[in-house]
Each structure stands twice: as C-alpha cells, then as structure tokens.
Amino acid sequence: MWMEGELQALTIRILPPEVSALIAAGEVVERPASVVKELIENSLDASASQVSIEVRQGGLGLIRVTDNGKGLPPSDLALAFHRCATSKVASAQDLARITTLGFRGEALPSIAAVADVEMLSRPADAIAGTYLRLVDGNPVEQGTRGTPVGTTVTVLHLFAKQPARRKFMRSPTAENQHIAALVSQYALAYPEVRFSLRLEGRQALLTSGSGQLTDAVASVHGAEVAAAMLPMRWPLDGERTPIKVSGLAGPPHISRSSRGYVSLFVNRRWVQNRRLTFAVEEAYSGLLPAGRHPIAIVDLRLPYEEVDVNVHPTKAEVRFRQENEAFAAVQRAVRQALLEQAPVPSVSSTAGVAVAQPAAPEAAAPPPLWQRALEGEKAAMTIAATAAPLPKVSLPMLRVVGQIGNTYIVAEGPQGIYLIDQHAAHERVLFEEICTARQRQALDVQGLLEPTVVEVSPRQKEIILAHYQVLSEHGFQLEPFGERTYLVRAIPAVLAGKDLSGAFAEFLDVLGEEAAPDQRDRVAITLACQAAVKAGQSLALEEMREMVRRLEQAQVPHTCPHGRPTMIHMSTALLEKEFRRR
Ligand code: ADP
Ligand code: MG
C-alpha cells in the first residue's frame with residue numbers, strides 16, 4: 001500500500017553535480033578504450049605528429065597518452081576539466097561544420113569524474129610544463145615541471161569508485177584488445193602520425209608516421225596484406241562531385257571470415273556506419289566466396305556541413321545529409337579499384353620453371369589482436385542497398401583451342417594463352433544470368449511431366465515454410481504432399497537433368513543459414529554451382545566456344561562467384577622468355 005510519505009519521495013529535484021557528472025561520464029566513458037579514444041582525439045586535434053599510449057591492467061590501472069602537439073597554456077589547464085569547456089567550437093554555427101574530432105568539451109571532465117587524472121602540458125612558447133592533478137574531479141595539486149612541448153594525460157584507478165561499472169569490465173586482456181583495435185583504427189586514419197601503443201609493457205603497435213597509408217596498413221594488418229592492397233580513388237578524372245573517396249581495398253584473394261576489417265573514416269573521423277560498410281561489402285559481391293569479408297580502408301571526404309557528427313556522445317556515429325550519394329561513391333570507388341586492378345592471375349616464371357600464381361591463399365597469420373576483440377560484436381547487417389549498375393570488366397576476344405584433362409579449356413587471346421577452369425567459368429556465367437533473369441522476374445522454369453516427391457526433415461520443412469517465396473522466385477514449384485513430403489512440380493530450368501534432390505537440399509541449407517545481406521546471392525551461387533558443368537566432363541568444341549562467348553558477356557569474368565579465378569593467363573612475353581626467343 002502507498003503511504004503519503006513514499007509518494008512525496010518522488011518529487012523532482014536537481015541532481016547534485018557529482019551525480020550528474022557521473023551520469024554524463026557514463027555516456028562518454030563506457031570502458032577503458034573510451035578513455036584512450038578521447039585522449040587520442042585530443043592529441044590529434046592538437047596537431048600532434050606523435051602519440052604514445054601506455055596501458056596497464058587493461059586500462060583500469062593506468063592509461064597514459066603523451067603527444068607532441070601544441071599544448072595548453074598554464075591558465076587553461078583547470079578550465080579544460082570544466083564541463084562544456086572547449087577551445088574547438090564557439091557558436092551554434094560552428095556545430096554545423098565541425099572540423100575537429102572533439103567539440104563537446106565533455107571528455108576531460110567525464111574522465112576526471114571516474115578516475116584520478118594528471119595533465120602535464122607545455123605549449124611551444126613556455127619554458128616548462130604545467131601540471132594539474134585532480135581527484136574526484138577536483139584539482140588537488142598544480143605546479144610546474146620540465147617536459148618537452150606537448151601534453152601528457154595520465155589516468156589512474158579508472159572506475160575505482162564505480163564498482164558497478166568495474167564489474168562490467170571483462171578481463172584486462174579483453175579490454176586491451178578493445179584498446180588495440182581502437183588505436184589501430186586511428187593509426188590507419190592518420191598515417192602521418194607516429195603511434196606507439198604499449199600494453200602491459202609490451203609494444204603492441206608502432207607505426208612509422210611516414211604519411212603512407214600502406215605503411216600504416218603494414219603495421220596493423222601485416223606487410224603481406226599491405227603489399228597486396230589496391231589503391232582506390234573516386235571520382236575519376238573530370239567528374240565534379242563534392243564527395244571524394246580514397247584509401248585501399250583488399251584484393252579478392254585476401255578475405256576474412258568475419259566483418260570488422262572495413263575501416264571507415266569520414267573527414268578523418270573513424271566512424272561505424274552499417275550502410276557504408278555494406279556499400280563496401282556490396283562492391284565485392286560476386287568476387288568473394290560466400291561468408292568471406294573484405295579488408296578495406298575507406299577515406300571519405302565531404303564538405304563538413306554535409307555530415308552531422310553531433311549524433312552520439314562518443315562521436316562514433318555520423319549522419320549524412322545525402323546518404324545515398326555517399327553510399328554510391330564508396331561502392332564505386334571500391335568496385336572500380338577491384339575491377340581495374342584485380343588482374344587475371346598470370347603465370348610467371350621463377351628460375352626457369354613456370355609457376356602458376358592464381359589467387360594466393362589467404363595469409364595464414366592469425367587475425368590481429370584487435371580483430372579478435374571485435375569479433376562477434378558486429379551484428380548481421382540487414383540494410384538493403386540502393387546499388388547503381390557497376391562498371392564491367394572486359395575480357396579480350398578468345399579463340400578456343402581445345403580442352404585438357406576434361407577440366408580446362410585452352411584458349412588463345414591477343415596476349416597469349418588463357419587456361420579456363422570450365423566449372424568456375426560456367427558458374428560465373430550462370431550466376432550472372434540467374435541474377436539478371438531474377439531481377440526481371442524471368443527465370444526459366446522447367447515443368448516436370450512427372451512431379452517428383454521429395455522427403456524433407458523437420459528442419460528443412462521449417463525452412464521451406466519460411467522461404468517459400470524465395471524458392472518460387474528461383475523456379476521451384478512445390479506442393480505440400482503429406483506431413484513431411486512435397487511434390488516438386490517445376491524446377492529452375494538450369495537444373496534440368498541434374499541431381500534434383502541433392503541440389504534441393506543444398507538450396508535449403510543456404511536458406512537455412514542465418515539471414516545475411518547476401519543471402520539472395522548465395523542462393524543464386526548455389527544454383528549456379530549445382531547447374532554448372534563439372535570438372536572431368538568432356539565438352540565439345542562448340543560447347544566450349546559457347547561457354548567462352550557467354551563468359552565474355554559477364555560483368556566479372558575473371559572470378560567465379562565463390563571468388564576463385566576462372567582463368568589464368570600465360571603471356572606471350574612469358575612464352576618467348578621461356579623458349580629463349582628473346
Ligand atoms: P573537446 O575535445 O570536446 O574540446 P575535451 O574535454 O576533450 O573537450 O578537452 C577540453 C579542451 O582541453 C580541448 O578543447 C582542448 O583545448 C584542451 N585539450 C585537451 N587535450 C589536449 C591536448 N592533448 N593538447 C592540447 N589541448 C588539449
Ligand atoms: Mg576531446
């Protein structure tokens with residue numbers, strides 16, 4: 001029963017400043033990596049060319065960020081810890097075009113609300129540094145100390161007085177992984193800055209600060225990946241658009257089993273944006289095997305007023321005024337880089353022996369530390385794309401010479417010999433034909449004179465019920481026939497004469513996988529794979545010519561939809577060299 005007194009306890013009151021400070025701090029400082037993020041951003045905003053980060057006990061013991069930036073005048077030190085104190089914006093107009101990483105004036109007071117902080121800073125025109133120590137958000141000590149130009153912020157005993165928050169922290173290793181992931185992103189966004197990250201005394205990351213993105217990629221993803229990355233650029237010469245994209249896209253033969261290797265920077269701010277990530281993934285469609293994800297570093301620049309960064313306290317999300325344009329530019333930049341530069345793997349010679357170099361196997365190195373931290377955190381994407389038609393790769397005119405091993409088609413082109421994998425090539429052809437026909441709702445269907453009865457498992461039955469639409473879209477006409485059997489009345493024409501129950505089971509497996517943005521592609525890939533000629537099947541010359549002719553029509557003739565090469569190239573120059581004609 002309610003008592004009068006209890007009702008009165010619900011009166012509205014203004015919270016004491018320590019409490020409101022803690023609430024605000026909770027939004028900015030979620031975990032140790034948030035502190036690192038804010039401090040790095042402050043260093044970058046201060047034009048530092050070197051940023052060193054030291055972390056102990058997963059950041060709960062100590063986080064120290066040292067930069068060589070422009071520093072703060074002595075009188076500003078205490079001010080910097082006031083809520084809403086910032087040197088970066090002055091008016092509401094400024095908020096509409098934010099050019100710095102920070103602007104909320106919240107980070108330092110928030111950090112000081114949940115940790116003990118010391119700041120030591122020396123601007124270029126001072127002969128010594130000033131330091132300020134704060135406990136519970138209040139200055140307790142200030143003085144001067146010798147130090148190089150720049151700023152050092154030391155954060156001690158993070159969350160020591162917030163046992164609830166501390167309880168949510170995972171192990172120091174997990175927190176360190178988050179920190180490593182984060183610093184890696186900033187290292188990629190700012191290749192001209194030399195980043196050093198030491199975790200528990202170990203050097204976890206060190207970049208050169210050379211200004212070359214490939215150098216930063218080498219420090220983060222390894223030299224092998226860095227060497228293979230393809231530069232991208234949008235717009236191409238002559239096009240006028242306020243949106244510019246540059247960066248590096250991984251070639252299709254380097255892929256990863258999880259998302260999270262796509263780094264997005266908008267006006268040099270590291271952001272997380274599902275749609276843009278999806279734009280990148282889309283650009284790889286048909287080039288990567290199902291379930292594989294690309295590595296890419298995308299640097300998107302657009303007029304400041306086109307982006308709203310004041311969306312979230314951690315500033316990790318942004319909104320675009322014209323999201324579709326940004327989406328299309330990113331997708332085209334990546335696609336263009338892939339189509340222009342991911343070559344037909346060619347045969348090169350080593351010490352006189354011809355060695356094929358098709359798609360190199362993925363570097364066997366374990367995923368970098370930071371990636372493991374991200375794994376599992378990226379939810380599946382469910383946003384539909386507004387994909388514009390993408391440019392097509394062209395194939396030289398090829399003349400079929402013959403077949404070898406009932407598996408490869410030998411063809412001659414203007415630049416030498418092409419060996420075509422008949423299954424991979426046919427798969428590519430069928431895949432694109434299926435996608436086009438499906439779009440036009442004109443997929444060829446083959447009615448069965450004698451309906452086939454298929455028996456399904458309970459799980460398969462659930463899948464059929466859930467995906468009836470997709471099945472019929474692809475040409476399967478099914479009719480319930482008893483508890484766990486279906487009558488198949490029609491099938492996709494490409495499957496005529498193939499092993500129906502095998503293909504159908506494969507199909508259901510793909511549909512039963514967790515809904516992925518590329519599910520429809522995967523369905524088409526499965527169909528193409530089931531329908532394509534197999535290795536070991538002998539083909540007549542006319543059939544091979546037909547296959548090559550259709551391959552020439554394909555948008556992406558060089559790889560099968562799983563991402564394997566459809567052909568390898570042995571150049572005339574190589575032949576001449578090997579036969580010592582030159
Ligand atoms: P914001 O970055 O949003 O302005 P912060 O609380 O992070 O807010 O920082 C407050 C102010 O302190 C900044 O505006 C800046 O003037 C100063 N500052 C913080 N860190 C540094 C640094 N490493 N070098 C120079 N100035 C700094
Ligand atoms: Mg800041």
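One-based numbering, in listed order, for ligands and for the atoms of each.
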Handout entry: Which of the ligand 1 atoms, numbered from 1, are nearer than 4.0 Å to a heavy atom of Arg104
Key = 3 (O)
Practice task
Identify, with sequence neighbours excluded, every residue that meets side chain to side chain donor-acceptor pair (under 3.5 Å) alongside Glu200.
Solution key: Asn176
Problem - Protein heavy-atom partner closest to atom 18 (N) of ligand 1 - residue, atom, separation in Å - result: Leu72 CD1, 3.9 Å
Exercise for the section: Go through the structure and list residues passing salt bridge (charged side-chain N to carboxylate O under 4.0 Å, His left out) with Arg166, not counting sequence neighbours. Expected result: none
Practice task
Please verify whether a non-hydrogen atom of Gly105 lies at under 4.0 Å from ligand 1.
Solution key: yes
Exercise for the section: Everything protein-side that's N, O or S and under 2.8 Å from the Mg ion (ligand 2): list it, residue and atom. Expected result: Asn42 OD1
Exercise for the section: Run the numbers for me: atoms of ligand 1, each under 4.0 Å from some heavy atom of Ala46, listed by number. Expected result: 24 (N), 25 (C)
Exercise for the section: Could you tell me whether the side chain of Asp299 and the main chain of Gly247 form a donor-acceptor pair under 3.5 Å? Expected result: no
List the atom pairs, donor and acceptor, that lie under 3.5 Å between side-chain atoms in residues 47-62 and the rest of the protein, sequence neighbours left out.
unit_1, atom_1, unit_2, atom_2, d
Ser49, OG, Asn68, ND2, 2.9

Fill in the blank from the handout: Heavy-atom proximity to atom 6 (O) of ligand 1 ranks first, among Thr86, Leu108, Thr152, for Leu108
Problem - Element-labelled atoms of ligand 1 that are located less than 4.0 Å from some non-hydrogen atom of Ala80 - result: 10 (C), 12 (O)
Exercise for the section: Could you list which atoms of ligand 1 come closer than 4.0 Å to a heavy atom of Ala85? Expected result: 10 (C)
Exercise for the section: Provide the number and element of each atom of ligand 1 under 4.0 Å from a heavy atom of Pro109. Expected result: 6 (O)
